[in-house]
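Have a look at the structure below, then the notes.
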Amino acid sequence: MTFDQERAIQRLTRMPLFPFEGEFRLKELAPPMDEELGRSGEGDKPCHRCTNADGILWRKGAWTLAPIFPSANPAGLFLETVEHMDFENFDDEMAAEYGVITRHLEAAIRGLPSVGRVHIHRFGDGAAHFHVWFQGRPARQLELYGWGNNIWAQVLPPLPDDVIEANHDAVLDALVAGYGGERV
Ligand SMILES: [Zn+2]
């Protein structure tokens, strides 16, 4: 089967999830870099998290939560490890903790009336702390379903800080009640 790039572009850009209108031309890929980019906290790159604990809202054992700002989503939280580590450093106990926290945090965010579903992303390209994006996708807003959320949330005006903070308060109260840990 031959690949029709024009068709692929049309299919993508005509989806309700795609945030832009007009004619699109695909950029040329640059040649691969000589090596992978260094992440924050690796090599001589300073770690933004280790040098700045501001914004941490919750902690338990090896884990913390911090808000994702700004955002058009009603709730957005980073689940991070206190230490520099990644999946390859997890033992089964750590992996199990990650699963259980994920279950409780997803339920807490999903409990907000303004959230339709919780999107959970692990990219891992930017920082040496294992970190996972928990995004509460706005309820009933078609364009922000699925991958559309990643782009729309960056270009829509963010929700007011007090709205997001109240939502995060409710999420963290539910998390502490259901799983434990402490608000910071
Ligand atoms: Zn660090």
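Order of appearance sets the numbers: ligands from 1, and atoms from 1 within every ligand. We use all heavy atoms of the structure for the numbers below, so side chains are in, but hydrogens, waters and symmetry mates are not.
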- [ ] Inspect the surroundings of CD in Glu28 and state if more than 12 heavy atoms from other residues, nucleotides or ligands are less than 6.0 Å away.
- [x] no

Task: Pairing residues for Asn167 by the side chain to side chain donor-acceptor pair (under 3.5 Å) criterion, not counting sequence neighbours - done: none

Open item on the list: Taking 2.8 Å as the limit, list every protein N, O or S atom around the Zn ion (ligand 1), by chain and residue number.
Closed with: Cys47 SG, Cys50 SG, His84 NE2, His129 NE2

Name every donor-acceptor pair, under 3.5 Å, that has one atom in a side chain of residues 103-110 and the other anywhere in the protein, sequence neighbours excluded.
from   : atom 1 : to     : atom 2 : distance (Å)
Glu106 : OE1    : Arg110 : NE     : 3.1
Glu106 : OE1    : Arg110 : NH2    : 2.8
Glu106 : OE2    : Arg110 : NE     : 2.9

- [ ] Check the angle between the aromatic planes of Phe90 and Trp63 and answer parallel, tilted or perpendicular using the 30° and 60° thresholds.
- [x] perpendicular

TODO: Name all pairs fulfilling the salt bridge (charged side-chain N to carboxylate O under 4.0 Å, His left out) condition that reach into residues 122-146, sequence neighbours left out, sorted by first residue then second.
DONE: Asp86-Arg122

TODO: Fit a plane to each ring of Tyr98 and Phe130, take the angle between them on a 0 to 90° scale, and name the class: parallel (under 30°), tilted (30 to 60°) or perpendicular (over 60°).
DONE: perpendicular

